[in-house]
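By convention in this document, chain letters (A, B, ...) are assigned in the order of the sequence lines, proteins followed by strands, and residues within each chain are numbered from 1. Only this structure's heavy atoms are used, side chains among them; waters, hydrogens and symmetry mates stay out.
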Amino acid sequence: MLDIKFIRENPELVKQAVANKNEKADIDQILEIDRQRRNIIADVEKLKALRNSASEQIAVKKRNKQDAEADIAQMKEVGEKIAQFDAELRTIEDELERLLKWVPNVPHPSVPVGKDEKSNITVKEWGRVPQYSFNLMTHWELGEKLNIMDLPAAAKVAGSGFYVLRGIGAKLQRALVNFMLDTHSKDGFTELHVPYLANAETMTGTGQLPKLAEDMYKIQDENLYLIPTAEVPVSNLHRDDILSEDRLPLCYVAHTPCFRREAGAAGKDTRGMIRVHQFDKVELVKIVHPDKSYDEHETLLQQAEKIIQALKIPYRVRLLATGDLSFAGAKCYDIEIWAAGLGKYLEVSSVSNFESFQARRMNTRFRDKDKKMQFVHTLNGSGVALPRLIIAVLENNQTEYGAIIVPEALRPYMGGLTEIIKSE
RNA sequence: GGAGAGGUGGCCGAGUGGCCGAAGGCAGCUGCCUGCUAAGCAGUUGACCCUUAACGGGGUCCCUGGGUUCGAAUCCCAGCCUCUCCGCCA
């Protein structure tokens, strides 16, 4: 959420941001409602001041056993008027609040302007896409052949868009999770285990509600949602907190499943486990001092890259254009890894700086050196998402005979296993 | 799920329907004092909103939302959360 004062003072900047992000919040309407709101406040507060001073007089008279009936009768009228104004004010503030929730964050000046992903910029390429002298298989072909993946069984259990890993396949995922958690822990991230269900306030805090309601699974009758990413529970750990400056930055890492309805993506990436309704992810979250957030953003990107480099997977980093940037994001890098069997890049991490957008919604603040309250900046990045990482590990490391070479970094996590061959 | 108790400022904790933004303590800050000490003395210290060029002025906030009242931290109702006991349970 943006500060109404910021919108009041920078209406053109905000309108431009709305346009560049392909959103349609009506800034002029918001400013008009804000004007009405302030007028009502001025009126009602005059009456309240009157009531307060009159009440004092009544109290004095009562104490002195004087008659106060006339004042009381008069104040009864004033009280009714105040109630009317308050009701009106409340309606208008609810409306303003509702509209403000639909205003996206303003992109950082370094973000390229463009209406969709075609304007994204590749800012880094790492590793060389290898050449293979044999016909490559996709991960679902490899998975079936090696008996480490069972997509039909997943469909039987839950429908399309789910996956089952078995045997070494399941162990591979666990190895990746442990490898990532260990790596990030060593870099100073505090490991967390958090709830996979979150309430509406939490979902609003990080910006999933109201805009992305249809992308989430909701628990009927409970007012709870399945989390679409660990960012949600982890960031909200500090909702309504006042942190002391010397605690910043707070760095967290959490492994959770993520649940997504993928409502707008029907028919896209339907094969294999490229796009699924439930997947595991290791997520990094940082809560930082506003002055440091862009430095921390670069560092966070490196921390996510580190995982992929250790696994020797070729990747590229994309700086997202305004039109591809998320609603709450001010700046975002995507990491896309090469999947040899599919012959394309897959997004495995989004590393975003939200500046104070989420902090304002969550009311997460700190007291600075001058004792002033300030909103923190929040950042998060996948470190990284699993199914697509598994896809790349399988497809990139396949051999002519259909086995998979286990990346060296993972071998300690897989009992020294060097090669995945067909198992029972 | 049943029966109780409770939710007050950064923390602990008091609170009579009006003089309560809220005693007292701790922590913090500022002076003073002390040749050392987590010592002593005095003062000071909340958030948010409206208004003002500024000084300032005004309003709201004692879990949340309603209600009673001229007036609510204080009374009533509902909800949420925490704790204790019982039941159930991995």
task: Check each of A:Leu99, A:Leu13, A:Leu2, A:Val18 against A:Ile27 using the side chain to side chain contact (heavy atoms under 4.5 Å, CB included) test, and report the only one that passes.
output: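 Among A:Leu99, A:Leu13, A:Leu2, A:Val18, the one meeting side chain to side chain contact (heavy atoms under 4.5 Å, CB included) with A:Ile27 is A:Val18.
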
Identified side chain to side chain contact (heavy atoms under 4.5 Å, CB included) partner of A:Ile404 from the options A:Thr418, A:Ile421, A:Leu394: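 Of A:Thr418, A:Ile421, A:Leu394, side chain to side chain contact (heavy atoms under 4.5 Å, CB included) with A:Ile404 is met by A:Leu394 alone.
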
What's the gap between [N] and [M] when it is taken at their [atom1] atoms, as a whole Å value?
N     : M     : atom1 : value
B:G9  : B:A23 : P     : 13 Å
B:C88 : B:G24 : C1'   : 45 Å
B:C81 : B:U64 : C1'   : 10 Å
B:G10 : B:A5  : C1'   : 26 Å
B:G21 : B:C29 : P     : 29 Å
B:G17 : B:C89 : P     : 48 Å
B:U84 : B:C19 : C1'   : 39 Å
B:G65 : B:C61 : P     : 10 Å

Which atom of [X] lies closest to which atom of [Y], heavy atoms considered:
X        : Y        : answer
A:Ala17  : A:Asn105 : CB-O, 4.4 Å
A:Gly402 : A:Lys145 : CA-NZ, 4.0 Å
A:Ile40  : A:Phe85  : CG2-O, 3.9 Å
A:Pro249 : A:Glu296 : CG-OE2, 3.5 Å

Quick one: which of [options] gets closest to the side chain of [X]?
X        : options             : value
A:Arg365 : B:C70, B:G59, B:C48 : B:C48
A:Ser55  : B:C19, B:G59, B:G71 : B:G71
A:Arg367 : B:G59, B:G46, B:C70 : B:G46

Dump every N/O contact between nucleotides 61-66 of chain B and the protein below 3.5 Å, one line per pair.
unit_1, atom_1, unit_2, atom_2, d
B:G65, O3', A:Arg90, NH2, 3.2
B:G66, OP1, A:Arg90, NH1, 2.0
B:G66, OP1, A:Arg90, NH2, 2.9

Could you let me know what [N] is paired to, Watson-Crick or G-U wobble, both distances under 3.5 Å, or none if it's on its own?
N     : value
B:C32 : B:G40
B:G6  : B:C81
B:U68 : none
B:C61 : B:G46
B:A22 : none
B:A90 : none
B:U74 : none

Before accepting this row, confirm whether a basic side-chain N of the pair [X]/[Y] lies closer than 4.0 Å to the acidic partner's carboxylate O.
X        : Y        : value
A:Asp240 : A:Arg365 : no
A:Asp187 : A:Lys306 : yes
A:Lys48  : A:Glu45  : no

To the nearest Å, give me how far apart [atom1] ([X]) and [atom2] ([N]) are.
X        : N     : atom1 : atom2 : answer
A:Asn363 : B:G10 : CG    : P     : 12 Å
A:Ile82  : B:G59 : CD1   : P     : 10 Å
A:Met373 : B:U45 : CE    : P     : 16 Å
A:Phe375 : B:A47 : CZ    : P     : 13 Å
A:Arg51  : B:G18 : CZ    : C1'   : 13 Å
A:Gln74  : B:G71 : CD    : P     : 13 Å
A:Asp86  : B:U60 : CG    : C1'   : 10 Å
A:Asp246 : B:G10 : CG    : P     : 17 Å

- prompt: For A:Lys46 and A:Glu93, take the nucleotide of RNA chain B holding the closest heavy atom to each; which residue's nucleotide lies nearer the 5' end?
  reply: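 Of the two residues, A:Glu93 wins.
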
- prompt: Taking atom types as modelled, is there a side-chain donor on A:Gln358 or A:Glu231 under 3.5 Å from an acceptor on the other?
  reply: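 On atom types as modelled, these side chains qualify, holding a pair under 3.5 Å.
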
field: Nucleic acid contacts of residues 234-243 of chain A, taken as heavy-atom distances under 4.0 Å to RNA chain B
entry: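 Nucleic-acid contacts, sorted: none.
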
field: Close side-chain approach of A:Leu172 to A:Leu410, heavy-atom, < 4.5 Å
entry: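 A side-chain contact under 4.5 Å exists here.
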
- prompt: Given side chains that start at C-beta, do those of A:Phe279 and A:Lys281 come closer than 4.5 Å, heavy atoms only?
  reply: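 Yes, close enough: below the 4.5 Å cut-off.
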
- request: Indicate the ring-plane relationship of A:His238 and A:Tyr252, choosing parallel, tilted or perpendicular according to the 30° and 60° boundaries.
  value: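 A:His238 vs A:Tyr252 ring planes: parallel.
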
message: Using 30° and 60° as the class boundaries, would you call the ring planes of A:His184 and A:Phe189 parallel, tilted or perpendicular?
response: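 If you compare the ring of A:His184 with that of A:Phe189, the planes turn out perpendicular.
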
message: According to ring-ring contact (aromatic ring centres under 6.0 Å, His included), who are the partners of A:His377, at least two apart in sequence or on a separate chain?
response: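 If we apply the ring-ring contact (aromatic ring centres under 6.0 Å, His included) test to A:His377, skipping adjacent residues, there are no hits.
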
Counting only heavy atoms from other residues, nucleotides and ligands, does the tally under 6.0 Å from [atom1] of [X] exceed 12?
X        : atom1 : value
A:Ile219 : CD1   : yes
A:Glu298 : CD    : yes
A:Glu214 : CD    : no

- prompt: Would A:His277 and A:Phe259 count as a close aromatic pair, with their ring centres under 6.0 Å?
  reply: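 No; A:Phe259 has its ring centre 6.0 Å or more from that of A:His277.
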
Enumerate all atom pairs, one protein N or O and one N or O from nucleotides 74-77 of chain B, separated by less than 3.5 Å.
none

message: Does B:C70 have OP1 or OP2 under 4.0 Å away from a side-chain N or O of A:Asn52?
response: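 Answer no for this pair, as no side-chain N or O of A:Asn52 is under 4.0 Å from OP1 or OP2.
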
Contact list (N/O, under 3.5 angstrom) for nucleotides 50-53 of chain B vs protein:
unit_1, atom_1, unit_2, atom_2, d
B:C50, OP1, A:Arg8, NH2, 3.2
B:U51, OP1, A:Arg38, NH1, 3.3

Any N/O pairs under 3.5 Å between the protein and nucleotides 88-90 of chain B? List them or say none.
none

